[in-house]
Every structure is written in structure tokens, then in C-alpha cells.
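Okay, so here's the structure we're looking at.
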Amino acid sequence: MNKKCLFIAMFAMVILAGCNTKKPIIDEVTKYELPLLEQRGPNQITHLIQHDGMYRSEQFAANSILVIEPDYYKNREISRGDVVSYKTDATEEEITNKKRTEYDVSRVVALPGETVTVKKGQIYINDRVLDTFYGKEYYTNGFINGTDKALNLERPIVLLQGQILLASDVWWRSGFSGPHLKESIRGKVIGWMKSP
């Protein structure tokens with residue numbers, strides 16, 4: 001009788017645990033590779049990459065030129081996975097001394113009203129796994145999520161309405177940035193050009 005009760009209790013716990021599992025957030029739209037462009041359009045601006053926070057391929061290498069569409073978000077919402085150009089909090093002195101830049105680029109990982117945690121190199125949005133290439137930690141030669149080397153955030157990041165969270169594609173180089181307001185976003189990165 002005791003074994004039967006124990007079995008029923010264990011079965012109920014398994015069923016209840018399965019009911020509490022939240023579905024992952026899956027991004028099947030965002031691709032890592034940006035289109036290679038021959039030239040920029042008349043209203044587009046460029047951004048010269050000066051550091052390697054996004055570097056996993058040539059498109060984000062130092063001295064690559066990213067093409068930015070500044071009007072992209074005038075009639076569109078910012079989407080998770082977008083690579084954006086944003087105004088940094090660099091001081092005039094840091095900019096003048098070339099320690100930091102006025103603008104930088106990063107990827108949108110979280111949207112207004114969301115809570116972000118990172119456990120063993122895996123991003124969770126509202127306790128749901130962000131299941132995409134930018135939702136897990138990448139180190140020089142591959143992903144390290146799930147390992148002891150991987151990042152853990154001590155506290156959750158809670159985004160208020162109108163705030164987004166950005167992350168570089170290579171966290172150990174640049175990490176997370178934000179929260180940012182939409183007004184700090186200069187535009188969407190729509191492609192890249194090789195340096196002349």
C-alpha cells in the first residue's frame with residue numbers, strides 16, 4: 001500500500017511540474033548574417049565598428065561599416081533580435097580621448113514590461129527560455145551556456161514601459177546595456193559594407 005501511495009504521489013508531482021513549465025520564446029525570424037551592401041541609401045547613415053563586442057563574423061569585425069536606417073522605427077515597433085545603433089552614456093571626455101564612442105550597436109534582447117534573468121549563460125524572459133542564437137552566451141569558439149564559465153546575473157533586470165534591453169553578441173566583451181528608452185535608439189542596422 002505504501003509503495004502504491006508513493007508511486008501516485010510521485011506521478012502527481014511529475015504531472016504538476018510539467019504543467020508549470022513555460023514555453024520558450026523562439027525567434028525563428030532573426031538571422032545572424034546581415035546583408036552585404038554595395039552602398040548606403042540617401043537617408044541612411046553608417047557606423048564604423050571600433051570594438052569587437054558583436055564580433056562573431058566579418059560583418060561585425062573592427063573597421064567594418066554598418067548601414068543604419070534612422071527612420072526605421074518611426075512607423076514600426078522595435079523587435080526582439082533587431083541590431084540597433086544607440087546613444088551611449090559616454091562622457092565628452094571619454095569620446096574625445098577615444099575611450100568610448102557616442103554611438104554603439106547592440107542587439108535587442110528584451111522589450112518593455114519584461115523581466116530578464118541570466119542563468120548559466122541562458123537568457124530568460126519572464127521565466128521563459130529565450131531560445132535563439134542571441135539568447136545564450138557565446139565565447140570565442142562557441143557557445144558556453146550551461147557551463148560553469150557562463151554568466152549568471154545576480155539580480156533580475158526589470159524593464160518598465162518604454163524600455164528595452166540590449167546585449168552584444170559576445171557578452172564577455174561588451175555584455176548587456178540598458179535599460180534604454182526608444183528615444184536613445186538612432187536606428188536599425190540593416191546591412192554592412194566592407195572597409196574600402
Side-chain angles (χ1 to χ4, degrees), residues 22-32 34 43-47 49-56 60 66-95 99-138 143 145 150-191:
K22 295 184 177 186
K23 291 183 180 178
I25 296 172
I26 300 172
D27 179 351
E28 295 176 346
V29 175
T30 303
K31 306 293 182 227
Y32 178 72
L34 295 168
N43 296 324
Q44 297 169 341
I45 57 177
T46 58
H47 174 89
I49 298 274
Q50 296 180 356
H51 67 82
D52 57 3
M54 294 287 287
Y55 180 60
R56 285 177 22 194
F60 292 117
L66 299 179
V67 178
I68 298 159
E69 180 66 58
D71 295 331
Y72 190 86
Y73 295 116
K74 283 191 176 173
N75 299 314
R76 296 178 184 97
E77 292 298 316
I78 295 172
S79 296
R80 189 183 329 275
D82 287 356
V83 177
V84 297
S85 172
Y86 67 97
K87 186 165 179 50
T88 68
D89 59 359
T91 65
E92 287 297 323
E93 182 180 347
E94 289 173 319
I95 295 166
K99 293 189 185 272
R100 295 184 64 201
T101 57
E102 182 177 7
Y103 292 96
D104 203 354
V105 295
S106 264
R107 190 176 302 279
V108 177
V109 294
L111 301 169
E114 295 181 335
T115 299
V116 179
T117 54
V118 178
K119 300 173 192 167
K120 285 198 167 190
Q122 175 64 60
I123 295 176
Y124 292 82
I125 307 290
N126 299 336
D127 296 322
R128 297 169 61 194
V129 169
L130 179 55
D131 187 7
T132 181
F133 69 90
Y134 59 85
K136 52 193 170 192
E137 189 168 6
Y138 183 86
F143 293 101
N145 55 304
L151 175 70
N152 290 297
L153 286 183
E154 292 180 20
R155 295 187 191 123
I157 299 170
V158 179
L159 300 176
L160 304 176
Q161 289 306 314
Q163 295 180 330
I164 59 171
L165 184 68
L166 306 175
S168 65
D169 282 349
V170 184
W171 300 352
W172 67 272
R173 291 183 177 141
S174 292
F176 291 83
S177 176
H180 289 275
L181 295 173
K182 184 176 180 178
E183 294 74 29
S184 71
I185 304 303
R186 182 166 63 161
K188 180 178 178 174
V189 175
I190 60 159

Can you check whether [X] reaches [Y] side chain to side chain, under 4.5 Å on heavy atoms?
X	Y	value
L165	Q163	no
L66	V105	yes
E137	I123	no
K87	E102	yes
E114	R80	yes
I164	P112	yes
R107	D169	yes
I95	T101	no

Verdict with supporting geometry, D27 and T30, side-chain hydrogen bond (donor to acceptor under 3.5 Å, both in side chains) | CA-CA 6 Å; D27 179 351; T30 303; 2.6 Å; yes
Ring geometry between W171 and F176 (parallel below 30°, tilted from 30 to 60°, perpendicular above 60°) =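 Plane angle between 30° and 60°, so tilted.
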Are the side chain of [X] and the backbone of [Y] linked by a donor-acceptor contact shorter than 3.5 Å?
X	Y	value
N152	K120	yes
S177	A167	no
N126	T115	yes
Q122	G135	yes

Quick one: pull up CG in N43 and CD in E69 and give me the separation to the nearest 0.5 Å.
-> 7.0 Å
Nearest-0.5 Å distance, CD1 of residue I78 to OH of residue Y72 |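 The CD1 atom of I78 sits 11.0 Å away from the OH atom of Y72.
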Listed by chain and number, what are the ring-ring contact (aromatic ring centres under 6.0 Å, His included) partners of H47, not counting sequence neighbours?
-> none
Who are the ring-ring contact (aromatic ring centres under 6.0 Å, His included) partners of Y134, not counting sequence neighbours?
-> none
Salt-bridged, R100 to E94, with N to O below 4.0 Å?
-> yes
Candidate list V84, V109, V83, test side chain to side chain contact (heavy atoms under 4.5 Å, CB included), partner L166, passing option =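 The option that passes is V84.
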Nearest heavy-atom approach of S79 to V108 is O-CB, 3.5 Å
Selection residues 177-188 - residue pairs positive for salt bridge (Lys or Arg N to Asp or Glu O under 4.0 Å), sequence neighbours left out = D82-K188
Assess R128 against Y124: is NZ or CZ under 6.0 Å from the centre of the six-membered ring, and within 45 degrees of the ring's axis?
-> no
